[in-house]
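Working notes, beginning with the structure itself.
Side chains are part of it too, since the values below use all heavy atoms of this structure and drop only hydrogens, waters and symmetry mates.
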Amino acid sequence: MPIPTFLDRLPFRLPLTGPKKRGPIVLASWDQVNVYFLVVKERKESFVAVAWGTLERDSEKPALSVLSQFLTENKITASRLLLLLPRTDLEMTTVEIPPAEEEEVAALVRAEVEQLIGDGEHELVVDYRLLDGATPPVVSGAPAVPQDATDGVDVEMELRRSQTAAAFSLEQSDLDAWVDAVSGTGLQLAAFTSRQTAPLYRLRQQRAFRASLSVLIIVYEGEVELSFFRGNRLASLRTFRAGSHEVGTLTDQIQMEVQRSVSLMDFVSPGEMPELLVLVRSKLDGPTEGDAIDEDSLNELPTLCESLSARPVYVTIPIEDSAFENGMDEQDESDSGSPDPVLVAAASVFQEHHMAVDLIHPKLPPVLPNPVRRWAAIAALALGCFGIGSYTLMADVNDLKSQVSERKQELVETERVAAKIQEKADETRYVQQWLSDQVDWLSQLQRLSSQFPEGQLANVRRLSANVDGSTGVIDISVQVNDPDRVAELENALRDANFSITSKRISEQANNEEYPWQFEARIAFSIPPLDERDEEIFTMPGSTSPTEALDANEPPAVEEVI
């Protein structure tokens, strides 16, 4: 297949180079064990299901070959293919993009992806889905947007806030390989999208997300997909491998992953718990629509919805009367049940032209104005105004070029200074974080020793120190010549704002000089960094805190003296 040229990717060329075939459409996806497919036909203003099923993957054959062989053997005809790839086959990167106009977002996302992935020899194909449910950080000088704001936020205010996007990418050579593989099956690749984003638009149409924070759970063989929603806005995407498909074990793993993800999201209020939703794909998830619900069997074999206390959601499609023709009657009952809801939702989105991610037709920045027209107008005006008009226009053009060069130079200098300032700010933040974790043990030991009795009255045999959160703890073992020294020492330390707890007091008959021994734990609060007196720390070898951080040498959390 020839590599598309630049002209082939221009917007006015898309209708000419787009799919020309008509007829049934095959939607396909797969996981580690199965291949899922759905064949639909256009009927008036919607699609109807013609054939569907679940095929077992062959370790020696690609998933597309398994699907093509099944369609051929069962004489199921189709013209186009819509591929829904899992995270294992399609790279996804979450990127932060600065405030920008809508037409600039595509270029910014592509630039961020290329910067994260690195410069490669092959051209990247990038498409994205904005995560508009995640509260973006406020740009300096921009007004704050309340967390409960929804679709009514002022457009100008939104443009002044940074955005988060889930970017899907692969190399152009890999996309060409997929196109060639699909062409080898006799089909035409109509869309190439992410499996996880495919059902989200349809579920939003069904108003499935009713809580302020929701989690959509989709279970496959060997993996689970989580989609987090703030209201009806997508906030985050997550995929993890499932250790087991036993309901109890899977429930524990899903709950742990949801809690872990929510704890890392800055747009979630402390203590806020999401509503769990399960997209029902099989009897493991919950009873499919139309199934008779037997209470006795549900009590014996609880479903994932019941185990998670989750709300089941469904996606359906009209079925053609002759759906069990073309080989559908030859499949097992487990394979010819309801069509896979993810594929059903993807068919609806494709029919309504609301595909959020499609690497065959990715979102592109607008085409720059054609400079030929501008210069043609200038030339016509020059000819109309004779020589004087031509001279004036050329002078203006030269002046504008000079101004552009000056502005570019100013921009380069400003970016260089901003990078330096940011670098210094990062170093300052690292040093402050390092200093906030330090404890001035010498000062504390000096305060402690000043409260001890003289050497002939007491002897410190052992002393250890460590940090417990915002509290410093010192454990000591002391020998004294008189048990009254224990009370005197405790009172002296409490007067010096120490907290002391004596653990054990014992008498040692074999020690005439210090016949009494006791152990105690001394605690004191560690003041925050902004409340401490100015201190200068000198590390061994004249190494500064910044150099220690750059060398990946974190400060010690516990010191033993």
So Val357 and Phe192, side chain to side chain contact (heavy atoms under 4.5 Å, CB included) or not? Walk me through it.
CA-CA 8 Å; Val357 176; Phe192 192 81; over 6 Å; no
How far does OG1 of Thr185 sit from CG of Leu71, to the nearest 0.5 angstrom?
8.5 Å
On a heavy-atom basis, the closest approach of Ala166 and Leu131 is N-CG, 3.9 Å
Please identify each residue that fulfils side chain to side chain donor-acceptor pair (under 3.5 Å) with Arg202, with sequence neighbours left out.
Gln206
Contacts of type salt bridge (Lys or Arg N to Asp or Glu O under 4.0 Å), residue Arg241, not counting sequence neighbours
none
Give every residue pair that meets the ring pair (Phe, Tyr, Trp, His ring centres under 6.0 Å) criterion with at least one member in residues 216-256, sequence neighbours excluded.
Phe209-Phe229
Kindly write out the residues that satisfy salt bridge (Lys or Arg N to Asp or Glu O under 4.0 Å) with Glu275, not counting sequence neighbours, or none if the list is empty.
Arg311
Going by salt bridge (Lys or Arg N to Asp or Glu O under 4.0 Å), name the residues that satisfy it together with Glu272, two or more places apart in sequence or in a different chain.
Arg230
Name all residues meeting the side chain to side chain donor-acceptor pair (under 3.5 Å) criterion together with Asp475; count only those two or more places apart in sequence or in a different chain, and write none if there are none.
Arg521
Heavy-atom side-chain contact between Val125 and Glu123 under 4.5 Å:
no
Going from CG on Leu130 to CG on Leu234, what distance comes out if it is rounded to the nearest 0.5 angstrom?
9.5 Å
Would you say Leu124 and Ile117 make side-chain contact, with heavy atoms under 4.5 Å?
yes
NZ or CZ of Arg281 within 45° of Tyr36 ring axis and under 6.0 Å
yes
Can you sort out the partners of Ser307 under side chain to side chain donor-acceptor pair (under 3.5 Å), two or more places apart, ordered by chain and number?
Thr251
Tell me, please, which residues at least two apart from Ser261 pass side chain to side chain donor-acceptor pair (under 3.5 Å).
Arg238
Under a 4.5 Å cut-off applied to non-hydrogen side-chain atoms, are Leu189 and Ile360 in contact?
yes
Would you check if the side chain of Glu306 reaches a backbone N or O of Thr303 as a donor-acceptor pair within less than 3.5 Å?
yes
Please report the closest heavy-atom contact between Thr316 and Val344, naming both atoms and the distance.
O-CG1, 3.4 Å
Given Leu83 and Val182, is the side chain to side chain contact (heavy atoms under 4.5 Å, CB included) satisfied, shown in steps?
CA-CA 10 Å; Leu83 271 183; Val182 174; 4.2 Å; yes
Atom pair CG (Leu279) and CD1 (Ile217), whose distance is rounded to the nearest 0.5 Å:
10.5 Å
Can you name the closest pair of heavy atoms from Ala310 and Leu277 and give their distance?
CB-N, 4.4 Å
Whether Gln253 side chain and Gly243 backbone form a donor-acceptor pair below 3.5 Å:
yes
The residue among Val113, Thr93, Leu364 that forms side-chain contact (heavy atoms from CB on, under 4.5 Å) with Val126 is Val113
Please tell me whether Gln205 and Glu352 have a donor and an acceptor in their side chains that are separated by less than 3.5 angstrom.
yes
Any heavy-atom pair between the side chains of Val26 and Leu67 that's under 4.5 Å?
yes
Keeping Ser348 on the side-chain end and Ala345 on the backbone end, is there a donor-acceptor pair under 3.5 Å?
no
Give every residue pair that meets the salt bridge (charged side-chain N to carboxylate O under 4.0 Å, His left out) criterion with at least one member in residues 210-223, sequence neighbours excluded.
Arg195-Glu223
Is it the case that the side chain of Glu246 and the backbone of Thr249 share a donor-acceptor pair, with hydrogens and angles ignored and the cut-off at 3.5 Å?
yes
Check: Gln196 side chain, Leu226 main-chain N or O, donor-acceptor pair, under 3.5 Å:
yes
Using ring pair (Phe, Tyr, Trp, His ring centres under 6.0 Å) as the criterion, list what pairs up with Tyr201, not counting sequence neighbours.
His354
Measuring from atom CE of Met92 to atom OG1 of Thr239, what distance do you get when rounded to the nearest 0.5 angstrom?
7.0 Å
4.5 Å side-chain heavy-atom contact, Ile319 and Val48:
no
Heavy-atom closest contact (Pro274 atom, Val262 atom, distance)
CG-CG2, 4.1 Å
Hey, does Val467 have a side-chain heavy atom less than 4.5 Å from the side chain of Thr471?
no
By salt bridge (Lys or Arg N to Asp or Glu O under 4.0 Å) - contacts of Lys363 (at least two apart):
Asp127
Exam field: side chain Asn74 to backbone Ile76, donor-acceptor pair closer than 3.5 Å
no
Taking the side chain as everything from C-beta on, heavy atoms only, tell me whether Leu55 gets closer than 4.5 Å to Phe37.
yes
Check: Asn34 and Asp31 side chains under 4.5 Å, non-hydrogen atoms:
yes
Just how far is it from atom OH of Tyr314 to atom CG of Leu203, taken to the nearest 0.5 Å?
13.0 Å
Sorted by chain and number, sequence neighbours left out, side-chain contact (heavy atoms from CB on, under 4.5 Å) with Glu56 holds for none
